[in-house]
Amino acid sequence: MAAVTYELIKTCKQTGARLGRVHTPHGSIDTPTFMPVGTLATVKGMSSEELKEINAEIILSNTYHCYLRPGQDIVKQAGGLHGFMNWDRPILTDSGGFQVFSLSGLRKITEEGVIFRSHIDGSKHTFTPESVMGIENDLGADIIMAFDECAPYPAEYDYVKKSMERTTRWAMRCKEAHKDTERQSLFGIVQGGMYKDLRIESANQLKDLDFPGYAIGGLSVGEPAELMYEVLDYTAPLLPADKPRYLMGVGTPNYLIEGVLRGIDMFDCVLPTRIGRNGTVLTSRGRVIIRDAKYSRDFSKLDPDCDCYVCRNYSRAYIRHLLKCGELLGLRLTSWHNLYFLINLMKQVRQAIMDDRLGSFKDEFYLKYGYTK
RNA sequence: GGGAGGGUUCCCGAGCGGCCAAAGGGGGCAGACUGUAAAUCUGUUAUCUACGAUUUCGAUGGUUCGAAUCCAUCUCCUCCCA
């Protein structure tokens, strides 16, 4: 039996969205779910205990970053990421495939793998599907991602096709190299850019490899929202209904809801922590750039409808003051609130599915948030 | 009392006859942020009846076609010697 399994609980009668549960060696996750990103074995600004306080059920970490610092051997010796960062709930590690995209100026792709230059000291490193599986095994996450190439947008058909086919070959090699299936589950990643036939081909090829879960990668890389929805419309249904579906790198409140409506179970994104550190907070009435001068005397809470720790205790004016002064607490409080906002949004989404009213929930949410559609 | 150096746009600080509304920081204001090279990045920051015009570089007067830049006086600050 695979380390990670998916249990479908019910589908929303109004929209067809699915409510489920992902079972892992470190406990179960209610889906749809949002996973905070903790690239360097830390969700920036948040302790593991605080993540529990906001009901984070699973977090993400990253192969490339943890390999460079502190090195997977140290993490392994600490008892894997779970022991190292004192987090006893599920963890997912990304493979470094996204860094193939984001560090495009510092790497070279070959059939064998990717030669990286460290963004820290410029030193040269090689990642192959096999080496990545070794690192991810040492990191010890419950869910590990296959080593893929996240193609840029826009990209030529021929390039995306070659990239996608190579990603499939790498997925086969990953599966071959991944032995610890009792403790970890390896998810495949569908690529294919914005090309329908490539997405179909990718999904079918990966399905044949029978992974315990599937991710859709290569989206939210700068393409228009409508295009992403279109790709999801035809890609998500191709994935096995009895396995979890993970949309990588998404995102904003509307992307999450639109993703769930299209059958996605898992999401991750740096957005809440990053925009939080940069002075923007998510609220039920839309984004608020809390750093702006107009909030200097606003002693109300970040979001009038929020009951998170931050909103229960601190005002907009105070948090703005902290941010303007570069105080660490400001970054922490905005990150905290934003993470809570998305995790709580997914909780409401799950309840709406349970009540067969996700479509209505979406309309109400969008109206209040200020989305035009 | 004697000597030396200096006062530049919100702040610090370059500029040392025209290419200066004046470098560069900082601060302010605004925007971006989507599997984290991000506590980052971008724009903007004299005034106006703004693709042009007007007033700025301690004050006043002068030299010059032209001055933040040269000269004189005044004023204020810093340092050194008594």
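Chain letters run A, B, ... following the sequence lines, proteins first, then strands; residues in each count from 1.
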Would you mind reading off the distance between [X] atom [atom1] and [N] atom [atom2], rounded to a whole angstrom?
X         : N      : atom1 : atom2 : answer
Asn254(A) : U34(B) : CG    : C1'   : 11 Å
Leu256(A) : G35(B) : CG    : P     : 12 Å
Ile290(A) : C33(B) : CD1   : P     : 18 Å
Arg287(A) : A32(B) : CZ    : P     : 7 Å
Phe147(A) : G35(B) : CZ    : C1'   : 13 Å
Leu342(A) : C33(B) : CG    : C1'   : 14 Å
Leu271(A) : A32(B) : CG    : C1'   : 11 Å
Lys294(A) : A30(B) : NZ    : P     : 8 Å

Who does [N] pair with, Watson-Crick or G-U, both distances under 3.5 Å?
N      : answer
U42(B) : A30(B)
C70(B) : G62(B)
A21(B) : none
U78(B) : A4(B)
U49(B) : none
U36(B) : none

Hey, do the aromatic rings of [X] and [Y] have their centres closer than 6.0 Å?
X         : Y         : answer
Tyr366(A) : Tyr369(A) : no
Tyr64(A)  : Phe116(A) : yes
Tyr157(A) : Tyr195(A) : yes

Is there a donor-acceptor contact under 3.5 Å linking the side chains of [X] and [Y]?
X         : Y         : answer
Asn338(A) : Ser335(A) : no
Gln77(A)  : Asp73(A)  : no
Tyr67(A)  : Asp138(A) : no
Ser28(A)  : His23(A)  : yes

When rounded to the nearest Å, what value does the distance between [atom1] atoms of [N] and [M] take?
N      : M      : atom1 : result
A23(B) : C16(B) : C1'   : 14 Å
C41(B) : C77(B) : C1'   : 40 Å
A82(B) : A21(B) : P     : 49 Å
G61(B) : U78(B) : P     : 28 Å
U55(B) : A67(B) : C1'   : 16 Å
G58(B) : A68(B) : C1'   : 12 Å
U69(B) : G6(B)  : P     : 14 Å
C71(B) : A4(B)  : P     : 15 Å

Exercise. What string of B, S and - do you get for nucleotides 36-42 of chain B, 5' to 3', if B is base contact, S is sugar-phosphate-only contact and - is no contact with any protein heavy atom under 4.0 Å?
Worked result: BBBBB--
Sugar-phosphate only, base, or nothing, as touched by [X] at under 4.0 Å among non-hydrogen atoms:
X         : result
Ile289(A) : sugar-phosphate
Phe267(A) : nothing
Gly218(A) : base
Glu223(A) : nothing

Problem set entry | N or O in side chain of Lys324(A) less than 4.0 angstrom from C29(B) OP1/OP2 |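 Yes.
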Problem set entry | Of the listed nucleotides G31(B), G35(B), C33(B), the one nearest the side chain of Asp292(A) |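 Taking heavy atoms from C-beta onward, the closest nucleotide is G31(B).
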Exercise. Applying the 4.5 Å side-chain criterion to the ILVMFWY set and letting contacts propagate, would Met248(A) and Val250(A) be lumped into a single cluster?
Worked result: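 Met248(A) does not cluster with Val250(A).
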For this session: May I have the step-by-step check of side chain to side chain contact (heavy atoms under 4.5 Å, CB included) for Lys324(A) and Arg291(A), ending in yes or no?
Result: CA-CA 7 Å; Lys324(A) 294 300 288 184; Arg291(A) 206 185 47 216; 3.9 Å; yes
